[in-house]
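Residue numbering restarts at 1 for every chain, and letters A, B, ... go by the order of the sequence lines.
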Amino acid sequence: MNNKPEESLSEEKRSLNFIEAIIEEDLQNNKNESRVHTRFPPEPNGYLHIGHAKSICLNFGMAEKYNGKCNLRFDDTNPEKEETEYVDSIMEDVQWLGFQWDKEPYYASDYFDQLYEWAKLLIRKGLAYVDDQSQELISQQKGTPTRPGIPSPFRLRSIEENMDLFERMKNGEFPNGARVLRAKIDMTSPNMHMRDPVLYRILHAEHHRTGNTWKIYPMYDFAHGQSDYLEGITHSLCTLEFEVHRPLYDWFLDQLIDTTYRPRQIEFARLNLSYTVMSKRKLLELVKTNIVNGWDDPRMPTIAGLRRRGYTPASIRAFADRIGVAKRDNVIDVGLLEFSVREDLNKTSPRVMAVLDPVKLIISNYPEGQIEDLELVNNPEDLDSGIRMVPFGKELYIERDDFMVDPPNKYFRLAPGREVRLKGAYVIKCESFELDSNNLVKTIYCTYDVETKSGTGSKQPKIKGTLHWVEASNAIDAEVRLYDRLFMDEDPSGHKDQDVIAFLNPESLKVLNGCKLEPMLAKAEIGQQFQFQRLGYFSVDKDSLKNNPVFNRTVSLKDNWTKTKGQ
RNA sequence: UGCCCGAUGGUGUAAUUGGCAACACGUCUGACUCUGGAUCAGAAGAGUUCAGGUUCGAGACCUGAUCGGGCAACCA
């Protein structure tokens, strides 16, 4: 596990976040035998995104830090939305991030029998009843946050009748929506969740694991706390919107369990990222409407998308570490995520030469037909990475951006009469250039000075600019995909009157063909990562073909020139 | 107009029993550089939403207000 940034952060005396403070207090008080057992409880109804990554790092992180355990539990109580495809992707993503759950993955559906028994216990205790009313009626009677609700006419049904009806619900005697099982709590509670919440609904649907054995399914509230209890969870971390559910979480446990052991729900603020949408519903919509190419489209904030984009597990963990946890709403600058990958990739990825927008450069005084192999350092940040040979010759490609016919004086690159260093090769001087019929530069003619050869050359003049290049006859062609933020608005979901679609960035994907790469890249394998010198970090996409590798730009290098240029 | 949360530089997070606000990203200088990257050195930027109160002393405690978020799915 590459966790250098994490290490360096934790070496300093880091103050505790509010969850760590609670855990340490519990530990001191010997609460729950001083165990720490957390869980990551996704619903398998979509792919995990960077917001889940925060939760994963938190839950598994707390377990690691306090020598505890962390379960993976699928919260699969709604068969209509859940699929095994999602279960698989979630397991893959959690492991890819570098975490391993305790024992086997668990499922709320593992507890359906126990939950059913508990529901009957509630009925026997006179704390639950079957309501025959329609959804609309129940919702009307619920009142509003400012107005108390009124009791259902079925609230006073006998225990026997409730038991009978509930069993028949279970047996599938009634159609969807005909009846529900409700807790009998308080229809006037200021907390809407305590106004006789629904415990079970009738759903004639096939469940991804239990198939057709169940005709009734528990609601989240009736399943979550009890599942925590059954798994021995001590600290049940969830996001802020569940804060008002906590009294109910505790109420069920108090009614159903008589041990002193209790899991405790603690809420934290979910992650928001600028220029990004995070709701599963909206992400699903992007996928379904083909605005992006699937859940793992590199523009998606999904873990699968980030992975395909070239983000590393270590960089995401470092990111999660840096953003911290608290209870106030927050919007993290995507720049911080980008910083985290750059930081990681800078130390680990080999440098290579790639010209994305090639223009031909001819060195007039270089021997015709001569090719020489030059030694290039693979990664100056990691001397163990060694060197490689790169062919150099009379005809090269350089980046179109690296030549200007009439440059401003702060331009350190090539221009008529100016000198520049070719990375790892020679200093060249531009003598002339040729335009095509569209007035675009077609060929640049230079001369070189043999004496200036990198490393061995006797002349090492001070030269401001260094360009990357690729020798023409040995270059391989590639497709390069440049990604930009998917949305142009800082807070695309923050507009009540407009859908996020209105803020899509039309230039979020630019596909470049005919890019020229140094020959060793022909052997690059899917998922491999490189720094294209002076351009950014790129990783080999799964769409790559034998003779047409495809590279995704993970993130560009920081670039002061674009900044100066823009001023 | 009910209940529950929250409020600290541009953005996040910190300040352990109250002792004159720290760290990271970003921004701006400068050095260095065969990546306008990295690295290194430095700077600017908040007096902690507001008003009262407790105290020798409050970002921390109390009261009230303001602002923001959440809660009325047979979703999670």
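- A ring-centre distance under 6.0 Å is not found for A:Y217 and A:F222.
- Comparing the C1' positions of B:A15 and B:G47 gives a spacing of 14 Å, expressed to the nearest Å.
- Rounded to whole Å, the separation between the C1' atoms of B:A58 and B:G19 comes to 10 Å.
- For B:G12, its base never sits under 3.5 Å from the side chain of A:R322 at any donor and acceptor pair.
- Against the 90° criterion about 0, the sugar-base torsion of B:G47 places it in the syn range.
- Using a 4.0 Å heavy-atom criterion, one finds that A:P380 contacts the bases of the nucleic acid, with or without backbone contacts as well.
- Atom CD1 of A:I233 sits about 6.5 Å away from atom OG1 of A:T38, to the nearest 0.5 Å.
- A:G455 comes within 4.0 angstrom of a nucleotide base, judged by non-hydrogen atoms across all strands.
- A donor-acceptor pair shorter than 3.5 Å can be found between the side chains of A:R39 and A:S236.
- The side chain of A:N560 places an N or O atom within less than 4.0 Å of a non-bridging phosphate oxygen (OP1 or OP2) of B:G37.
- Nearest nucleotide to the side chain of A:L336, out of B:U35, B:C25, B:U1: B:C25.
- Listed by residue number, there are no residues of residues 273-282 of chain A with a heavy-atom contact under 4.0 Å to RNA chain B.
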(request) Indicate for each nucleotide in nucleotides 69-76 of chain B, in 5' to 3' sequence, whether protein heavy atoms under 4.0 Å reach the base (B), only the sugar-phosphate (S), or nothing (-). (result) SBSBSBSB
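- Checking B:U48 for Watson-Crick or G-U wobble geometry (two distances, each under 3.5 Å) identifies no partner in any strand.
- Nucleotides B:C5 and B:A76 have their P atoms positioned 25 Å apart, rounded to a whole Å.
- In the set B:U35, B:G36, B:G26, the nucleotide with an atom closest to the side chain of A:F339 is B:G26.
- A:R201 places no side-chain N or O within 3.5 Å of a backbone atom of A:A178 that could act as its donor or acceptor partner.
- Between A:Y220 and the options A:Y200, A:F242, A:F252, A:Y249, a ring pair (Phe, Tyr, Trp, His ring centres under 6.0 Å) holds for only A:F242.
- Here the two rings, on A:F166 and A:Y116, have centers that are under 6.0 Å apart.
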(request) For nucleotides 42-48 of chain B, just jot down a letter per nucleotide in 5' to 3' order: B, S or -, based on protein non-hydrogen atoms under 4.0 Å. (result) -------
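- Rounded to whole Å, the separation between the C1' atoms of B:C20 and B:G2 comes to 41 Å.
- Here B:C75 sits opposite no nucleotide as a Watson-Crick or G-U wobble pair (both hydrogen-bonding atom distances under 3.5 Å).
- Checked against the 6.0 Å centroid threshold, A:F538 and A:F532 count as a close aromatic pair.
- A side-chain donor-acceptor contact under 3.5 Å links A:E82 to the backbone of A:N78.
- Comparing atom distances between the A:R351 side chain and each of B:U35, B:G12, B:U33 picks out B:U35 as nearest.
- A salt bridge does not link A:D196 with A:K142: none of the charged nitrogens is closer than 4.0 Å to a carboxylate oxygen.
- A residue-by-residue look at A:R246 and A:Y537 shows that A:R246 has its nearest nucleotide of RNA chain B further toward the 5' end.
- Distance from the side chain of A:E381 is smallest to B:G37 among B:G37, B:A14, B:C5.
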